[in-house]
2 protein chains.
Amino acid sequence: MKTEEKILAKALEMFNERGVEYVGLRELAGILGMRVSNITYYFPTKDDLVNRLSIQLYDLNSSILVVKEDLSIEQFLEMMEQVFWNQLKYRCLVVSFVHLIGQNKLIAARYGDTQTKRNTVIRSNLEVLARNGHIRIKNETELEFLTSTIALVARFWISEAAVTWQHLSAGQQINHYIKSIETLLRLYGVESAK
Amino acid sequence: MKTEEKILAKALEMFNERGVEYVGLRELAGILGMRVSNITYYFPTKDDLVNRLSIQLYDLNSSILVVKEDLSIEQFLEMMEQVFWNQLKYRCLVVSFVHLIGQNKLIAARYGDTQTKRNTVIRSNLEVLARNGHIRIKNETELEFLTSTIALVARFWISEAAVTWQHLSAGQQINHYIKSIETLLRLYGVESAK
DNA sequence: CATACTTTTGGACATTGTCCAAATTTTTAT
DNA sequence: ATAAAAATTTGGACAATGTCCAAAAGTATG
């Protein structure tokens with residue numbers, strides 16, 4: 001494992017445990033058995049380090065978030081669940097995004113992308129679900145409401161979970177929020193029985 | 001205006017503009033025409049300062065969040081709107097709560113309170129709305145879903161707005177999210193016109 | 001083997017929050 | 001009014017942080 005990868009891996013681990021801003025570069029370097037300036041050789045600023053982690057998350061989720069014709073509600077929920085697990089892997093970032101964006105231009109740009117993309121994918125998939133008769137959407141307003149509510153949950157479930165559901169396992173937390181999205185979808189669902 | 005109040009007021013102003021962690025005590029002191037150690041006389045640590053601001057917000061919202069018999073949907077939404085305006089006044093805190101809780105025990109405790117209280121009040125008021133026939137709630141699951149979804153919006157709308165809706169005015173932003181909650185409620189609404 | 005490139009190091013820098021003893025101002029009691 | 005006490009303000013120090021740079025060490029290439 002190359003030095004750069006070792007730094008990224010350990011940084012992610014420590015950032016997830018204690019938060020990006022509470023892990024010092026000297027501590028990280030110490031645990032890795034190197035000097036601070038060795039880290040700054042690969043990542044001139046801490047932001048660069050964080051940025052690289054955020055690229056990893058972006059790439060992970062990009063491959064998952066796709067628009068699929070003949071999508072079922074179950075498949076849509078599975079897609080969201082995969083995204084949720086990735087967010088959990090990089091929770092230090094997800095929890096901090098609002099801050100990071102204020103300071104880190106690179107992250108801000110990519111996050112804008114992520115967000116637009118996520119909204120578009122959710123929206124398009126909801127349209128698919130509607131077209132195929134899995135849900136009934138009357139007008140643009142309803143579509144917009146569903147999209148943005150699901151997007152809000154997808155963006156902030158992990159922050160709420162960190163505060164409210166610490167006692168639950170990661171799997172239980174994810175399950176809870178996926179269920180929430182499902183409940184919301186079922187409100188627009190087409191009753192199959194009669 | 002006493003020194004302590006001047007510090008609190010200017011700190012809130014600057015924290016709101018640039019974020020709690022990006023405003024240094026020396027800069028704050030400089031603008032107030034005093035030395036850093038004068039701030040630490042009133043607030044031994046920065047956390048103490050932030051904590052006091054968080055008490056102010058807590059108090060503001062405590063007086064608004066009440067359970068009211070014979071509540072209408074409109075009144076419920078007005079209540080939420082008032083809370084939203086208070087959150088805006090202290091947005092530096094609302095945006096940072098997830099972080100602050102990790103480092104500041106005092107804030108963590110009070111935030112736990114805030115959250116429990118808000119959930120309880122929302123839930124109780126929804127029960128009132130249901131009892132009075134403004135909305136139809138079939139079972140505990142539905143009530144729980146409605147409560148937690150509204151609570152999620154109430155907690156994170158401002159973070160999302162900071163990223164997604166910067167171009168909108170504060171009033172428009174609040175309006176957007178209040179509308180969201182209304183749409184959600186109307187899904188459980190009782191159609192008045194046969 | 002010598003040269004060039006990459007990687008690692010140690011030490012410096014300004015800035016941060018925190019702390020404390022001394023100086024100053026304000027309040028209180030005589 | 002004045003002396004004693006208390007509250008406030010100050011300047012300077014501290015350790016820790018992210019950032020930076022010149023030199024050393026290591027590795028690869030001709």
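All heavy atoms count here, side chains included; hydrogens, waters and symmetry mates do not. Note that the coordinates shown come from a computational prediction; the quantities given were computed from them, not determined experimentally. Numbers restart at 1 for each chain; the letters A, B, ... are given by sequence-line order, proteins then strands.
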message: As a test of reading the structure: which of dT8(C), dT16(C), dT19(D) is closest to the side chain of Y41(A), going by heavy atoms?
response: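 Selected nucleotide (nearest to the side chain): dT8(C).
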query: Quick one: which of dT16(C), dC19(C), dT19(D) gets closest to the side chain of R26(B)?
result: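 Of the candidates, dT16(C) comes closest.
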Could you tell me how far apart [X] ([atom1]) and [N] ([atom2]) are, to the nearest whole angstrom?
X	N	atom1	atom2	answer
Y42(A)	dC20(D)	OH	C1'	18 Å
M34(B)	dT24(C)	CE	C1'	15 Å
K2(A)	dT27(D)	NZ	P	12 Å
L25(B)	dC19(C)	CG	C1'	13 Å
N38(A)	dA22(D)	CG	C1'	16 Å
N104(B)	dT18(C)	CG	P	11 Å
E21(A)	dA16(D)	CD	C1'	16 Å
L28(A)	dT19(D)	CG	P	13 Å

So, the side chain of [X] versus the backbone of [Y]: is there a donor-acceptor pair under 3.5 Å, distance only?
X	Y	answer
K68(A)	V128(A)	no
N139(B)	T141(B)	yes
E81(A)	I178(A)	no

message: Just to be sure I understand the rule, does T45(A) reach a base, reach only the sugar-phosphate, or reach nothing, if contact means heavy atoms closer than 4.0 Å?
response: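 The answer is sugar-phosphate, as T45(A) gets under 4.0 Å only of primed atoms, P, OP1 or OP2.
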[X] side chain N/O closer than 4.0 Å to the phosphate oxygens (OP1, OP2) of [N]?
X	N	answer
R35(A)	dT8(C)	no
S37(A)	dG11(C)	no
T3(A)	dT8(C)	yes

query: Closest approach of I174(A) and L88(A), non-hydrogen atoms and distance?
result: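 Taking I174(A) first and L88(A) second, the nearest heavy atoms are CD1-CD2, 4.4 Å.
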message: Are the side chains of E160(B) and Y177(B) in contact, using a 4.5 Å heavy-atom criterion?
response: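 Yes, close enough: below the 4.5 Å cut-off.
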